Amino acid sequence: MTAPRATPGRLRDVGALNWVICQAAGRVAGTGPPNLFLTLARRRGLFRGWLWFAGRLMPGGTLPRRETELVILRVAHLRDCRYEFDHHVRLGRRSGVRAPDVERVKAGPSAGGWTPREQAILTAVDRLHAERDLDDETWTRLRTHLTEGECVELIMLAGHYEMLATAITALRVQPDAPRRGPHPRRPGGS
């Protein structure tokens, strides 16, 4: 990865409210303020609108959190978006996504050990990624496990994290520093 194309903002770049949001997000993630948040917060209003929308999908969605994290991890793996993948490996642990699950996410929906519902969800994610659509067979299989509303949410969730992976990759967002261990100089700090 090359240097960031849009550097993470400092306090004066993102504003006090967004700065506080970024600090809090870092505490939740176990990192410093997320570079993604500090980068997107350079467009202050857009950042808060995106954050509201993203929060309605995760953590505020109706799909079980474990399934949400599996979807995000699969999208991140398919997009080769290390930032998104590593971030959600950490978050997924809190939702019961363990190391063997992470390895199976990389292998895909045909890997053994998925429940029929998880396999249907991950198959849908793969189809959405590859085809930008769901064939009738995938839709029918998905509907045996999810309500129509859950299907809408799943499609929005996968699409959102595809978009986010695009932004992360194109902007060359750098990995976040862990909260413990050596701390780089805080953005905007003196």
Side-chain angles (χ1 to χ4, degrees), residues 1-10 13-15 18-19 21-22 25-26 28-61 63 65-92 95 97 101-109 121-135 138-139 142 150-177 187:
M1 181 178 282
T2 62
R5 289 181 170 161
T7 58
R10 296 174 183 251
D13 301 319
V14 303
N18 289 346
W19 184 257
I21 292 168
C22 292
V28 168
T31 65
N35 287 327
L36 173 63
F37 280 31
L38 289 171
T39 301
L40 297 181
R42 287 179 159 283
R43 300 299 301 162
R44 297 175 186 196
L46 179 62
F47 171 68
R48 287 190 301 275
W50 165 77
L51 198 58
W52 185 86
F53 171 75
R56 299 295 296 172
L57 291 168
M58 194 292 294
L63 292 172
R65 184 65 185 272
R66 174 182 159 80
E67 292 173 2
T68 298
E69 292 297 341
L70 292 174
V71 167
I72 296 166
L73 287 168
R74 186 65 182 160
V75 169
H77 174 72
L78 292 171
R79 289 297 310 272
D80 195 25
C81 185
R82 195 79 202 166
Y83 183 99
E84 191 171 77
F85 192 86
D86 291 348
H87 182 73
H88 283 278
V89 165
R90 288 189 305 270
L91 292 178
S95 307
V97 178
D101 299 318
V102 172
E103 291 308 309
R104 282 186 299 132
V105 162
K106 293 176 188 176
I121 288 169
L122 292 171
T123 298
V125 171
D126 280 18
R127 296 284 187 280
L128 288 167
H129 173 77
E131 308 295 329
R132 305 290 186 245
D133 194 6
L134 295 177
D135 57 72
T138 303
W139 178 259
L142 194 60
E150 289 172 326
C151 288
V152 170
E153 184 176 330
L154 171 65
I155 291 166
M156 295 295 291
L157 178 69
H160 173 256
Y161 279 89
E162 287 273 354
M163 181 270 309
L164 203 53
T166 298
I168 290 165
T169 301
L171 294 171
R172 309 293 193 262
V173 175
Q174 302 296 300
D176 296 326

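Quick caveat, the model's predicted, so the values are computed rather than measured.
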Do other residues, nucleotides or ligands put more than 12 heavy atoms under 6.0 Å from R48 CZ? yes
Distance (rounded to the nearest 0.5 Å) between T7 OG1 and R5 CZ: 13.5 Å
Measure across P33 and D176 and return the closest heavy-atom pair with its distance rounded to 0.1 Å. O-OD1, 4.2 Å
Knowing that exactly one of H87, M58, E67 qualifies, which makes a side chain to side chain contact (heavy atoms under 4.5 Å, CB included) with I72? M58
Gap separating the OG1 atom of T2 from the CZ atom of R172, nearest 0.5 angstrom: 4.5 Å
Of all residues at least two apart in sequence or in a different chain, which pass the salt bridge (charged side-chain N to carboxylate O under 4.0 Å, His left out) check with D13? R42
Given side chains that start at C-beta, do those of Y161 and C81 come closer than 4.5 Å, heavy atoms only? no
Run the salt bridge (charged side-chain N to carboxylate O under 4.0 Å, His left out) test against R82 and tell me which residues pass, sequence neighbours left out. D86
So how far is it from T166 OG1 to E84 CD, rounded to the nearest 0.5 Å? 9.0 Å
If you look at every heavy atom in A124 and L142, which pair is closest and at what distance? CB-CD2, 3.9 Å
Suppose we screen for salt bridge (charged side-chain N to carboxylate O under 4.0 Å, His left out). Which residues come up paired with E153, at least two apart in sequence or across chains? none
Set of side chain to side chain donor-acceptor pair (under 3.5 Å) partners for D101, sequence neighbours left out: R66, R104
Got a sec, which residues hit ring-ring contact (aromatic ring centres under 6.0 Å, His included) with F37, two or more places apart in sequence or on another chain? F47, W50
Just wondering, are more than 12 heavy atoms of other shown residues or ligands nearer than 6.0 Å to CE in M163? yes
Within the structure provided, determine whether T169 and Y83 are in side-chain contact (heavy-atom separation under 4.5 Å). no
Which residues satisfy the side chain to side chain donor-acceptor pair (under 3.5 Å) test with E162, sequence neighbours excluded? R79, H129
Closest non-hydrogen contact found for P8 with N35 is CG-OD1, 3.5 Å
Answer whether the closest heavy-atom distance between the side chains of I121 and L63 falls below 4.5 Å. no
For L128, which residues count as a side chain to side chain contact (heavy atoms under 4.5 Å, CB included) partner, sequence neighbours excluded? L134, I155, A158
Provide the closest heavy-atom pair for P34 versus G26 in the form atom of the first, atom of the second, distance. CD-N, 3.5 Å
For S95, all residues meeting side chain to side chain donor-acceptor pair (under 3.5 Å), sequence neighbours excluded: none
Restricting to side chain to side chain contact (heavy atoms under 4.5 Å, CB included), what partner residues turn up for A6, sequence neighbours left out? T39, L171
What residues form a salt bridge (charged side-chain N to carboxylate O under 4.0 Å, His left out) with E69, not counting sequence neighbours? R65
How about F53 and M156: do any of their side-chain heavy atoms sit closer than 4.5 Å? yes
Taking every heavy atom of G9 against every heavy atom of V14, the minimum-distance pair comes out as CA-CG1, 3.8 Å
Does the pair H77 and L73 meet the rule for a side-chain contact (heavy atoms from CB on, under 4.5 Å), with working shown? CA-CA 6 Å; H77 174 72; L73 287 168; over 6 Å; no
Heavy-atom closest contact (T68 atom, L57 atom, distance): CG2-O, 4.2 Å
Check whether any side-chain heavy atom of L40 sits under 4.5 Å from a side-chain heavy atom of L46, and report yes or no. no
What's the verdict on side-chain contact (heavy atoms from CB on, under 4.5 Å) for F85 and D80, showing C-alpha distance, side-chain angles and the deciding distance? CA-CA 8 Å; F85 192 86; D80 195 25; over 6 Å; no
With a 4.5 Å limit on heavy-atom distance, are the side chains of P109 and R74 in contact? yes
